**Q** 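Below is a structure I'd like to ask you about.
Keep in mind that this is a model prediction, so the values were computed, not measured.
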Amino acid sequence: MAKVKQHTREPLFHITKRTEVPLKSSVLVRTIAIVLALIVCGIVTKLFTGDNPISIYKTIIHGAIGSGRFLVTIHELALLLCVSLAVTPAFRMKFWNIGAEGQVLIGCLSTAMCMFYLGGKVPEGLLILIMTCMAILAGAIWGVIPAFFKANWGTNETLFTLMMNYVAIQLIEYFLKIADKSGSNVVGPNLLSHGWFPRLFGQNYILNILIVVVITVLIYIYLNFTKHGYEISVVGESENTARYIGINVKKVVIRTMALSGAICGIAGLLLVGGSSHSIDSNLADGRGFTAIMVSWLAKFNPITMVLTALLIVFLERGADEVSSMFGLNADFAEILTGIILFFIIGCEFFINYKINFTHKKTEEVKEGK
Amino acid sequence: MNALELRNVTKRFGEVVANNKVNLSVEAGEILAILGENGSGKTTLMNMISGIYYPDEGEIFVNGEPVTISSPKDAFDYKIGMIHQHFKLVDVFTATENIVLGIDDGKHFNLKEAAKKTAEISEKYGFDIDPKKKVYTMSVSEKQTVEIVKVLYRGADILILDEPTAVLTPQETEKLFNVLRKMKEDGKSIIIITHKMHEVLSVSDRVAILRRGEYINTVKTSETNEAELTEMMVGKKISLNINRSEPVDPVDRLVVKDLNLINSDGVKVLNDINFAARSGEILGIAGIAGSGQRELLESIAGLISPNSGEISYNDPKTEEIVNLREKTPVQIRDLGVRLSFVPEDRLGMGLVGNMDIVDNMMLRSYKKGNSIFLDRQPPKDLAETIIEDLEVVTPGPTTPVRRLSGGNVQKVLVGREIAAAPTVLMAAYPVRGLDINSSYTIYNLLNEQKENGVAVIFVGEDLDVLLELCDRILVIGSGRVTGIVDGRTTTKEEVGLLMTKMDGGNENG
């Protein structure tokens, strides 16, 4: 018979969930995280490049909000925010839609197809209206397909939405071959010369930004103050409760994914009709995946999402600038972004959980006795 | 010498004493049955033997030597194996793969050898098992067989089976018992937990009885009978002084006729259920946990759709009879049937834990009106009324309900269900886990509803409460109604006997 240890060593600490987090301590933890992130980034920079970290930080800030860049950064923010808002209703329902990329792309594709085939044949105003409807419709369909299968046969939505991304990419590739016989992998503004969004106040992108502002407010209201939004929360929290009060879970899942896809479609519309006036299979540029992080970081709150999207865009824009200014490999800037995000996401753990050191506690007990 | 012995074992969870100074022993080549109602501490006790919990006090001896069992691995080292009620198998693995899973004997992993050994064990004890069969294609009984072989493969001499027959048909049960008898002849010690009296009598050598965490006695099966065991299990009646008024003009409000339900495993969980719930009356439902109570209430509430039978509702205003079977909760509500339901799973079904009290108040009523927007004013008023009337302890109406204590959670849930002015109120284990004061608050609320002419259905586990609160008690066993008795004249023993009377007695001749 094997001998059993009489004294198992007690773990050094154990972790408990905090029930309530005071605002003050959560702000403090986040500030510490950012300071730590900057210090670590500084050390890494010094070690690997020998450049002065302070000047790198300056460059990041300049790259993000320096002269002439401000509007572009805000526009980038708007696009990312739009996709983040799109995935949020689904996420609140605990439907893990990682197919925003494909839903955006299919929105891009339908917009580009309208511009390509209808451009010049219908009045500009009507064309933009058709583009809008088609982008929304295409995105919604792309979202509903996995939702329909999930609702009826319990398929895994994560895999399904992911695979739908590749289908969307291939459809775009196919369109590129048809639209541009030269074999280029981009269909550019020369072919998509109609249906451009009007410039407001003599500036590009203003219309895009305004549209996203409106969507933000609408989604906030939809999720928090409408019956639909309430149903989404109930389904997400507990499907049993939803059944108990007679919510048609299938219907809610399909409806919410239609909405989620539709907003992605709008993001595609903004990308093609409102800014690039071109299409290629990399146009969504990973926003569909970055949006997942933005949405989570904001804890699915559309208003907080403005800030988390800003953070990500700020870092990305800054990183681009750093790599060009210092002649560094573009990947180095990505490393810095990664380090900062690691700290910011990691600090959530310390906000939600408390670490109790066993050693200290047992002593206290002894003293108590 | 005893293969396993427990002396004065005590386990507490917070203030709750799950086991108090329990003594138990089992010899080699013996089958010991452990008998007790729900919550009598059987599973806790077995978990301590198998290393899942560690006792607060007391000693455990294996083959006469004192031992410390602080993990399931320790238990295995002492050749103790437990077969849990819920199987712990990997669906996509074969029987053999599951059986060898987690074994690290330092030898080279040889699946063929393992399959051979599995077949040997199966033959020795008369198991019917295909070593190459994948778990997901197996029936419940086959899965259980794998669990038992898994334990034997590891060389267990002491086997603990937690309610092994709950999921089996009578034929499968008989087969299992034959296997157990063979193991006994082979010198193994077997501890079996069961609620079913006839099984205790047919398979065990001795019976140990627990009641509310207390060890009552161990008796020889050959020297006892059903009535004596029941009495030890349920104990003497304790007076609780719950008010009970005479029902005023009871009419059949809800009539259930020949209701049958087969669940996804193919088990008949409701079997020809017939009863009537009357207005102005509390109908108690007594039974061992998992006898079909939950399925019965969910069928009535429209959450699951029964296979056959009728559920008819007599509308108090129009005297019209409406059939509720195969109606969804929304359709039932749209018919004007005011059916309230306090489910067993409060935070998983009745309420949403992460939502605040106000949003939880809306669950039933949020759809009212044509606006697409929510109107949070009425639920806010309701939340404030309930907090005040039922003395819910909470920082405010915007506190998430998961932060409230169990009793307060239940007050919020019952309060909401009663606020809908029901004509039928179903409550499943509404006082489970509640302290005395909160329990009485709930009893009073139910009585109030009864006096208002509501047909109350109360599913309970504490027989003392059922006997004092209910006008009539329906006893359910294995999905059948085994009796409907008058709450004023019946005895604890009578209800206890009906609860353990299984399968209509048809297999006992």
Side-chain angles (χ1 to χ4, degrees), chain A residues 1-11 16-22 89 91-94 153-154 156 217-252 255-256 259 299-301 352 365, chain B residues 51 54 62-63 65-71 73-79 298 301-304 327-334 341-343 345-355 359-360 362-376 379 395 399-400 402-403 413 416:
Chain A
M1 195 180 297
K3 273 214 167 167
V4 177
K5 273 180 274 172
Q6 287 286 338
H7 300 284
T8 40
R9 205 180 342 157
E10 277 195 86
T16 49
K17 202 165 165 81
R18 291 181 207 252
T19 46
E20 224 157 336
V21 187
F91 281 5
R92 277 217 184 178
M93 197 173 63
K94 304 231 164 75
W153 297 289
N156 181 318
V217 175
L218 288 182
I219 286 287
Y220 178 73
I221 293 172
Y222 181 78
L223 289 176
N224 293 301
F225 299 106
T226 69
K227 291 175 181 172
H228 283 186
Y230 184 69
E231 285 176 350
I232 290 172
S233 304
V234 175
V235 171
E237 291 287 348
S238 158
E239 230 172 89
N240 252 340
T241 308
R243 238 165 29 92
Y244 163 74
I245 58 169
I247 290 178
N248 184 340
V249 176
K250 281 184 191 179
K251 192 175 125 191
V252 174
R255 184 181 70 204
T256 307
L259 175 74
K299 301 214 171 76
F300 312 134
N301 180 339
N352 291 316
V365 171
Chain B
Y54 191 74
V62 173
N63 296 324
E65 282 186 41
V67 295
T68 309
I69 302 174
S70 56
S71 76
K73 201 181 163 299
D74 292 352
F76 270 128
D77 290 342
Y78 292 117
K79 298 181 183 285
E298 291 191 4
L303 304 184
I304 42 183
K327 297 257 188 328
T328 66
V330 176
Q331 285 169 327
I332 292 174
R333 211 177 311 151
D334 290 347
F341 178 25
V342 178
D345 187 358
R346 292 160 204 165
L347 287 176
M349 185 180 255
L351 300 166
V352 178
N354 279 331
M355 285 186 175
D359 278 14
N360 270 296
M362 287 200 290
L363 276 171
R364 286 276 193 199
S365 57
Y366 78 97
K367 264 201 175 135
K368 266 185 203 143
N370 292 321
S371 163
I372 62 158
F373 291 103
L374 295 166
D375 182 359
R376 280 200 170 84
T399 306
R402 75 182 146 80
R403 292 226 194 104
L413 175 56
R416 185 191 72 205

**Q** Say whether, by atom type as modelled, one donor and one acceptor occur between the side chain of B:Y366 and the main chain of B:N360 under 3.5 angstrom.
**A**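 No, because the side chain of B:Y366 does not come within donor-acceptor range (under 3.5 Å) of the backbone of B:N360.
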**Q** Which answer fits B:M362, side chain, backbone, both or neither, if we ask what part of it has an atom under 4.5 Å from a heavy atom of chain A?
**A**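 Both parts, heavy atoms under 4.5 Å.
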**Q** Is there a donor-acceptor contact under 3.5 Å linking the side chains of B:R364 and A:Y244?
**A**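 Present: a donor and an acceptor within the cut-off.
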**Q** I'd like to know if the side chain of B:K73 reaches the main chain of B:G51, judged simply by a donor and an acceptor atom lying under 3.5 Å from each other, with no hydrogens or angles considered.
**A**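 It does not hold such a pair.
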**Q** Could you list the residues that satisfy ring pair (Phe, Tyr, Trp, His ring centres under 6.0 Å) with B:F76, not counting sequence neighbours?
**A**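 With sequence neighbours excluded, B:F76 shows a ring pair (Phe, Tyr, Trp, His ring centres under 6.0 Å) to no residue whatsoever.
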**Q** Contact part of B:E298 toward chain A, heavy-atom cut-off under 4.5 Å: side chain, backbone, both or neither?
**A**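 Contact with chain A: side chain only.
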**Q** Quick one: does A:T241's side chain have a donor or acceptor within less than 3.5 Å of a partner on B:G348's backbone?
**A**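 Yes; at least one donor-acceptor contact below 3.5 Å.
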**Q** If we define contacts as heavy-atom pairs under 4.5 Å, which of B:I372, B:L347, B:V330, B:I332 has the most with chain A?
**A**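 Heavy-atom pairs under 4.5 Å are most numerous for B:I372.
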**Q** Taking the side chain from A:R92 and the backbone from A:I232, do they hold a donor-acceptor pair closer than 3.5 Å?
**A**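 Checking the backbone N and O of A:I232 against the side chain of A:R92, no donor-acceptor pair under 3.5 Å is found.
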**Q** Which atoms of B:L351 are under 4.5 Å from chain A, going by heavy atoms: the side chain, the backbone, both sets, or neither?
**A**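 The backbone, not the side chain.
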**Q** With the threshold set at 4.0 Å, does a side-chain nitrogen-carboxylate oxygen contact exist between A:R255 and A:E231?
**A**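 Looking at A:E231 together with A:R255, the answer is yes, because their closest N to O distance falls below 4.0 Å.
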**Q** Answer with side chain, backbone, both or neither: which region of B:K367 has an atom nearer than 4.5 Å to a non-hydrogen atom of chain A?
**A**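 The answer is both parts of B:K367.
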**Q** Is it the side chain or the backbone of A:N248 that comes within 4.5 Å of chain B heavy atoms, both, or neither?
**A**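 When you check distances to chain B, no heavy atom of A:N248 falls under 4.5 Å.
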**Q** Go through the atoms of B:K327 and report whether side chain, backbone, both or neither lie under 4.5 Å from a heavy atom of chain A.
**A**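 Nothing of B:K327, per the 4.5 Å heavy-atom cut-off to chain A.
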**Q** Among B:N354, B:L363, B:T328, which has the most heavy-atom pairs under 4.5 Å with chain A?
**A**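 Ranked by contacts with chain A, first place is B:L363.
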**Q** With a 4.5 angstrom heavy-atom cut-off, is it the side chain or the backbone of B:D359 that approaches chain A, or both, or neither?
**A**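 Both the backbone and the side chain of B:D359 come within 4.5 Å of chain A.
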